[in-house]
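Just so you know, ligand 1 is whichever comes first in the structure, and atom 1 is the first atom listed for that ligand. Every heavy atom of this structure was used, including side-chain atoms; hydrogens, water molecules and symmetry mates were not.
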Amino acid sequence: MARTSHDTWWKNAVFYQIYPLSFADSNGDSYGDLRGIISKLDYLATTLGIDAVWLSPFFKSPMKDWGYDISDHTDVDPLLGDVQAAQTLIDEAHARNLRVVIDYVINHTSDQHPWFLESRSSRDNPKRDWYVWRDGRNGDPPTNWVSVFSGPAWSYDETTEQWYRHTYLSAQPDLNWRNPEVVEAMFDVARFWLDLGVDGFRVDAAHQMMKDPLERDNPPAPPDYPRPYKDMGEYDDFIHLYDFGHPDVHEVHRKLRAVTDGYGRDVLTVGEIHIFDLPEWASYYGENFDQLNMPFNFHLMTAEWEVPSLRAVIEAVLWNVPVGGWTNWTLGNHDEIRLATRLPDGHERLAALLLLTLRGTPFLYYGDELGMHQVMVSFAEARDPWGANVEWLSRDGARTPMQWDAGPNAGFGPPGADTWLPVGPEHRSVNVESELEDPMSALNLYRRLLSLRKSHSALRVGSFLSHPASTEDVFAYRRESDSETMTVVLNFSDEERMIDVGRGEIVFSTTDPERQGRCRDAIALVPREGIVIDHT
Ligand code: NOJ
């Protein structure tokens, strides 16, 4: 049974997601690129102190969904560099003890991928069955399934007079994972990047590629149907019984795991699983831990930002992770509204402490360590195809250029260079250079927290137990390893709060970098302060 041991690298790591088009532009063409990322590796490894990066797609793509529409899986898009640059990035990262995990987009390709061009060329093309082609129903699509980005999940193709399925844009046709040739071709893609040295994959849409083989219509959702995730517009009109997560999806993950385990070097697979029923979510570990190493855990992002619901969600997730398994936590990514905008003012610092002291691997999103807010992107500047379909779901505002300095393009590109999305108006103060100078900055808070987590086994791999002294607005929990016991206390209130969690040494405060000293009885926390106490 493939359980995870405590020394598995990804259990001890803190991850940082880079959206490559938005991180650093080395050649002034307005788009971030791989050489730009290489130039910032010292920032990541040394200044910030993270252990691993997850890179969103940088593969050849018509960029209809900004890289999540791949037209050549084993080439790099010219906007971002070339395979040599990818190899250099992997090697340079490894030289700094940084692991590299890349996006593995398996549900679909671009409609410009040679596989699809062949598939659509005739009904008897050998690659016809690599995608999902069906006859319509009296001129209508084969099922009532709605694409995630809204509109029907099927498009009609005049040439062969059939419909093809697409879970996302019509420019992203679904691969047919029930065809063994597709499975092998896609595993060859994984092998290509593993041979180049990547340390793992973030598996895109990892529950979506297997749908009901009988292709039944989804039932309409009643108005009060519970929605644990955000308002998805038209997609929410249906109960998604039949258009994702058919049980044979697990067989795909078992086979993928056999490929990654075959490398014998602790390759990580973390799958994007947007399932909020916890037992079903946890089924993606596999009964014998033979599927994904971890399903991505989005539950913290969907919880109400108040102590009772956060506590309930955290405990529920940890109880549902199978014994011997390991989870992860995240508060932001390239699909969501930026954390600093979602949370009440002043709570970003509590969020940082929570994220970096829970039991499970933290995933940070680029720019959140600076406290970057969602940027208003005007209609004229809009880039996200989802936003073009459903305005409030645009992801542009969370994908704006990383803010390196106070210059006109925030140091994202060479002086005078344009940026593909607008630079956030706050960048004159919210940027790496300025924040390094300010002991109270978000960046210095993250740096202190990363070093705290690194130096305490209790925070990395220790057990988790909510503390009985927790109240409606103060959340306390204990982390305990073989050699250490620590308590984290978060005051969500706008008022001072007293709490007694036993004797110990204060080793961290979100509001006062100098705060330290012994505590014996009850201690006071200022409004929205979080602290860490070492009882060892
Ligand atoms: C999920 C990714 O996170 C999102 O950005 C993308 O648009 C879709 N999958 C389609 O690949």
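Taking every heavy atom of Arg395 and a limit of under 4.0 angstrom, the matching atoms of ligand 1 come to 4 (C), 5 (O), 6 (C), 7 (O). Close contacts between ligand 1 and Phe149 involve ligand atoms 7 (O) [criterion: under 4.0 Å to a heavy atom]. Remark: ligand 1 atoms within the under-4.0 Å shell around heavy atoms of Arg399 are 5 (O). Those atoms of ligand 1 with a heavy atom of His108 less than 4.0 angstrom away are 10 (C), 11 (O).
For the residue pair His113 / Tyr131, no side-chain donor-acceptor distance below 3.5 Å is found, with atom types taken as modelled.
Contacts of Glu336 with ligand 1, taken as heavy-atom pairs under 4.0 Å, are absent altogether.
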- Tell me, with the steps shown, if Asp195 and Tyr263 meet side-chain contact (heavy atoms from CB on, under 4.5 Å). CA-CA 9 Å; Asp195 290 342; Tyr263 277 73; 2.8 Å; yes
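A salt bridge links Asp188 with Arg191: the closest approach of a Lys/Arg side-chain nitrogen to an acidic carboxylate oxygen falls below 4.0 angstrom. Under a 4.0 Å N-O distance rule, the pair Arg257/Asp290 does not qualify as a salt bridge. In summary, Asp243 and Lys211 do not engage in a salt bridge, as defined by a charged side-chain N under 4.0 Å from a carboxylate O.
Of all protein heavy atoms, the one closest to atom 8 (C) of ligand 1 is Tyr168 CE2, 3.6 Å. Here the heavy atom of the protein found nearest to atom 9 (N) of ligand 1 is Asp204 OD1, 2.9 Å. Of the protein's non-hydrogen atoms, Asp335 OD2, 2.5 Å is the one closest to atom 3 (O) of ligand 1. When only non-hydrogen protein atoms are considered, atom 6 (C) of ligand 1 lies nearest to Asp65 OD2, 3.4 Å.
In this structure, His274 falls outside the shell of residues with a heavy atom less than 4.0 angstrom from ligand 1. Under a 4.0 Å heavy-atom criterion, Gln208 is not in contact with ligand 1.
Summarising the local packing, CD of Glu251 is surrounded by more than 12 heavy atoms from other residues, nucleotides or ligands at distances under 6.0 Å.
Closest non-hydrogen pair, Ala398 versus Tyr365, comes out as O-OH, 2.7 Å.
Screening residues 54-70 for salt bridge (charged side-chain N to carboxylate O under 4.0 Å, His left out), with sequence neighbours left out, gives Asp65-Arg395.
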